[in-house]
Amino acid sequence: MDPRMPLSSQSSAASRSGASGFALVRTAIWSVCYFAFYFVQQIAELFAPLLLIAGVAWAALPALVGALSKSAASADPQARDAIANVASAIPHHLVIAGHDLTASGLIWDGIMLMALAAAGATLATLAGRSM
């Protein structure tokens, strides 16, 4: 403390530097939160459509192959056998690294990632306003 300054001026200068330090820490914390929310939003927006489209395509593929086999059944017996082999090769679920993947599971994961993207956008907006 400077002995030449009045005591009231010294305490107000100390409180101002403490308040600016608190504001700096608060801004840093909200910046990290904003980054985390925005990053999660970007990742979710990237993978949500991929999972949703993959799930819908996987769910629709057996129906399309079945419709194709019905139309090919009357045309050629060899084509019918080939289509039947393709239809039987389409899996109903896949186990990858211990995780069971299904068409409906991929669709559900895509929808949940869309919800996560919306939540991330909301929280990033709130964090941005709090800075």
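The basis for the numbers below is simple: all heavy atoms, side chains too, and nothing from hydrogens, waters or symmetry mates.
- At a threshold of 4.5 Å between non-hydrogen side-chain atoms, the residues W30 and C33 count as touching.
- No chain of hydrophobic side-chain contacts below 4.5 Å, direct or via other Ile, Leu, Val, Met, Phe, Trp or Tyr residues, connects I29 to L123.
- D109 CG to L50 CG: the interatomic distance, rounded to the nearest 0.5 Å, is 12.5 Å.
- In this structure, W58 CH2 and I90 CD1 are separated by 10.5 Å, a value rounded to the nearest 0.5 Å.
- Rounding to the nearest 0.5 Å gives a distance of 9.5 Å between OG1 of T125 and OH of Y38.
- The distance from the CG atom of L106 to the CD1 atom of I111 is 11.5 Å, given to the nearest 0.5 Å.
- The heavy-atom pair separating A117 from E45 by the smallest distance is CB-CG, 3.7 Å.
- Looking at every heavy atom in both residues, P49 comes nearest to A44 through CD-O, 4.4 Å.
- No path of Ile, Leu, Val, Met, Phe, Trp and Tyr side chains, each step under 4.5 Å between heavy atoms, connects F47 with F37, placing them in separate hydrophobic clusters.
- No continuous path of hydrophobic side-chain contacts links W108 to L113 [ILVMFWY only; heavy atoms under 4.5 Å].
- Under the 4.5 Å side-chain contact rule for hydrophobic residues, M114 and F39 do not share a cluster.
- Under the 4.5 Å side-chain heavy-atom criterion for grouping Ile, Leu, Val, Met, Phe, Trp and Tyr, V40 is connected to L51 within one hydrophobic cluster.
- Considering only heavy atoms from C-beta on, L52 comes within 4.5 Å of I107 through its side chain.
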